[in-house]
Amino acid sequence: MHGRVPPAPLPRLLLVLALLVSGLAGVVATAGTARADGCYTWSRTLSQGASGTDVTQLQIRVAGYPGSGGVLAIDGSYGPATVAAVQRFQSAYGLGADGVAGPATFSKLYALQDDDCTPIHFSYAELNNCNSTWAGGAVSATTAKANALRTMWKLEALRHALGDEPIRVTSGFRSHACNDAVGGAASSRHLYGDAADLGSGPHSLCRLAQQARNHGFNGILGPGYAGHDDHTHLDHRGSRFWSAPSCGI
C-alpha cells in the first residue's frame with residue numbers, strides 16, 4: 001500500500017475530463033473552419049474541364065488576371081483562359097502556378113475577401129456613393145451590385161500589381177438621377193454598376209490607366225480623352241475602347 005497514489009475524487013476527475021474533451025473539440029472545429037465561410041467556401045479542387053457555380057465564383061475572383069488586353073468570361077466553365085488566369089493569380093501571390101485551384105489557392109482567396117464577398121481593400125460603399133439600394137440605374141439593383149463586385153475584384157488585382165498601395169475610387173454606380181446630377185453621359189457605364197473612376201494618389205492617373213490594361217477592363221478612359229483629365233475611368237463594356245492619349249493609350 002505504501003507509495004500508492006489515492007484515486008482523484010470523482011467530481012475533480014470529471015471536471016478534468018470535461019476540459020480535455022472541450023479543448024479537443026475546439027481544435028477540431030477550428031481546423032475545419034475556413035477563414036471566409038461567411039462568403040463562399042469551395043468544396044472541391046477545380047481544374048480544366050470543371051463547370052458549375054463554384055467555377056463561376058472562382059472566375060469572379062481571378063478575373064483581374066486575364067493577361068494583357070484580355071477579358072475572362074464569367075461563364076462557369078473552366079477552360080484554358082481560366083487555367084491561365086488562375087496561373088497568373090497563383091504567380092502573383094507566390095503559389096505554385098499549375099492552374100489548378102486547390103486548397104492553397106482557395107486559402108489565399110479566403111484571406112483576400114470579407115464575409116460579404118468583397119475583396120478586403122474595397123467595399124460596396126466605395127463603389128456606390130449614390131444611394132444604398134443600387135436601384136434607379138440601367139439594370140436591376142441586383143445586377144448593378146453584382147457588376148460592382150466584379151469590378152472590385154479586378155481593382156484588387158490592379159492594386160496588388162501596383163505594390164498593394166491604396167487606390168482611390170471617386171465614382172462607381174450611379175442611378176439616372178445621380179448620373180444626371182454630375183453631367184454623366186446618357187449611356188454611361190456607371191448606370192450599369194460596372195464602372196469605377198479612380199483619382200490620383202500613390203499612382204498617377206496614367207499609371208493606373210496603363211496598368212489597367214492587364215486586368216480585364218474593356219473600357220479605359222483617362223488623361224487626354226475629353227472630360228477625363230482629372231480621373232481614370234475603367235469599365236466592363238462589351239467591346240474594347242481604350243483612350244488616354246496623354247498616357248500613350
Side-chain angles (χ1 to χ4, degrees), residues 60-72 74 85 88-89 92 112 118-130 134 137-139 144-175 178-249:
I60 290 171
R61 290 155 179 77
V62 300
Y65 294 89
S68 180
V71 176
L72 180 66
I74 312 297
R88 294 186 188 96
F89 172 83
L112 285 173
T118 60
I120 56 176
H121 296 110
F122 297 93
S123 68
Y124 284 117
E126 285 181 276
L127 270 290
N128 181 358
N129 57 12
C130 171
W134 297 84
V139 293
K145 193 172 183 180
N147 286 342
L149 180 64
R150 297 182 182 192
T151 299
M152 282 186 270
W153 279 101
K154 293 183 179 184
L155 290 176
E156 185 71 26
L158 174 62
R159 186 185 191 279
H160 185 60
L162 291 173
D164 281 319
E165 294 182 303
I167 288 177
R168 185 165 61 93
V169 179
T170 60
S171 183
F173 166 76
R174 299 175 193 158
S175 66
C178 289
N179 192 56
D180 290 346
V182 298
S187 59
S188 172
R189 295 306 307 181
H190 291 280
L191 296 167
Y192 295 82
D194 68 6
D197 290 347
L198 309 181
S200 59
H203 311 289
S204 69
L205 297 179
C206 280
R207 184 74 182 99
L208 293 168
Q210 290 161 352
Q211 185 62 42
R213 294 175 293 183
N214 300 315
H215 299 291
F217 293 102
N218 261 338
I220 301 175
L221 305 174
Y225 183 78
H228 289 74
D229 286 336
D230 62 350
H231 67 279
T232 290
H233 169 97
L234 307 175
D235 68 52
H236 302 163
R237 67 187 66 200
S239 58
R240 184 190 298 179
F241 184 75
W242 293 352
S243 184
S246 299
C247 310
I249 298 174

Check your understanding: Any sub-3.5 Å donor-acceptor pair from R88's side-chain atoms to Y65's backbone N or O?
Key -> yes

Exercise for review: Please report the shortest heavy-atom distance between L112 and W153, naming the atom on each side.
Suggested key: O-CH2, 3.9 Å

Review point. If every non-hydrogen atom of I249 is compared with every non-hydrogen atom of W242, which pair is closest and at what distance?
Key: CG2-CB, 3.7 Å

Practice item. Grab the two heavy atoms, one from A195 and one from L127, that are nearest each other, plus how far apart they are. Key: O-CD1, 4.1 Å

Practice item. Using a 4.5 Å cut-off on heavy atoms from C-beta on, say whether the side chain of K145 contacts that of F173. Key: no

Review point. Under the ring pair (Phe, Tyr, Trp, His ring centres under 6.0 Å) rule, what pairs show up with a residue in residues 183-213, not counting sequence neighbours?
Key: H190-H233

Revision key, fill the gap. Separation between CG (N147) and CG (L191), nearest 0.5 Å, reads 12.0 Å

Review point. Do you know which two heavy atoms are closest between A196 and V169, and how far apart they sit?
Key: CB-CG1, 4.4 Å

**Study point:** Spacing of NE2 belonging to H160 relative to CG belonging to L155, to within rounding of 0.5 Å
**Key:** 14.5 Å

Point to revise | Chi angles and distances behind the side chain to side chain contact (heavy atoms under 4.5 Å, CB included) call for F122, I167 | key: CA-CA 9 Å; F122 297 93; I167 288 177; 4.1 Å; yes

Exercise for review: Could you tell me the separation between the CD1 atom of I74 and the CZ atom of R150, rounded to the nearest 0.5 Å?
Suggested key: 5.5 Å

Review point. Is the backbone N or O of L205 less than 3.5 Å from a side-chain atom of S200, with the two atoms forming a donor-acceptor pair by type?
Key: no

Point to revise | Close side-chain approach of L234 and T151, heavy atoms under 4.5 Å | key: no

Exercise for review: Please round to the nearest 0.5 Å and tell me the distance separating atom CG of N129 and atom OG1 of T170.
Suggested key: 8.5 Å

Review point. If we only count heavy atoms from C-beta on, is the P223 to T232 side-chain gap below 4.5 Å?
Key: yes

**Study point:** Gap separating the CG atom of L158 from the NE2 atom of H121, nearest 0.5 angstrom
**Key:** 13.0 Å

Point to revise | N-O pairing of R174 and D197 below 4.0 Å | key: yes

Check your understanding: Only one of R159, R61, E156 forms a side-chain contact (heavy atoms from CB on, under 4.5 Å) with P119, so which one is it?
Key -> E156

Revision key, fill the gap. Residues N179 and A185: closest non-hydrogen pair is ND2-O, 2.9 Å

Anything under 3.5 Å between a donor and an acceptor, one on a side chain of residues 214-222, the other on a protein residue two or more places apart or in another chain? List them.
residue : atom : partner : partner atom : Å
H215    : ND1  : G64     : O            : 2.8
H215    : NE2  : Q211    : NE2          : 3.0
N218    : ND2  : R237    : O            : 2.9

Practice item. Considering non-hydrogen atoms only, spot the tightest contact between P66 and G70 and give its length. Key: CG-O, 3.2 Å

Review point. When rounded to the nearest 0.5 angstrom, what distance separates CZ in R168 from CG in L208?
Key: 10.0 Å

Check your understanding: Where the side chain of N128 meets the backbone of G172, is there a donor-acceptor pair that is under 3.5 Å apart?
Key -> no

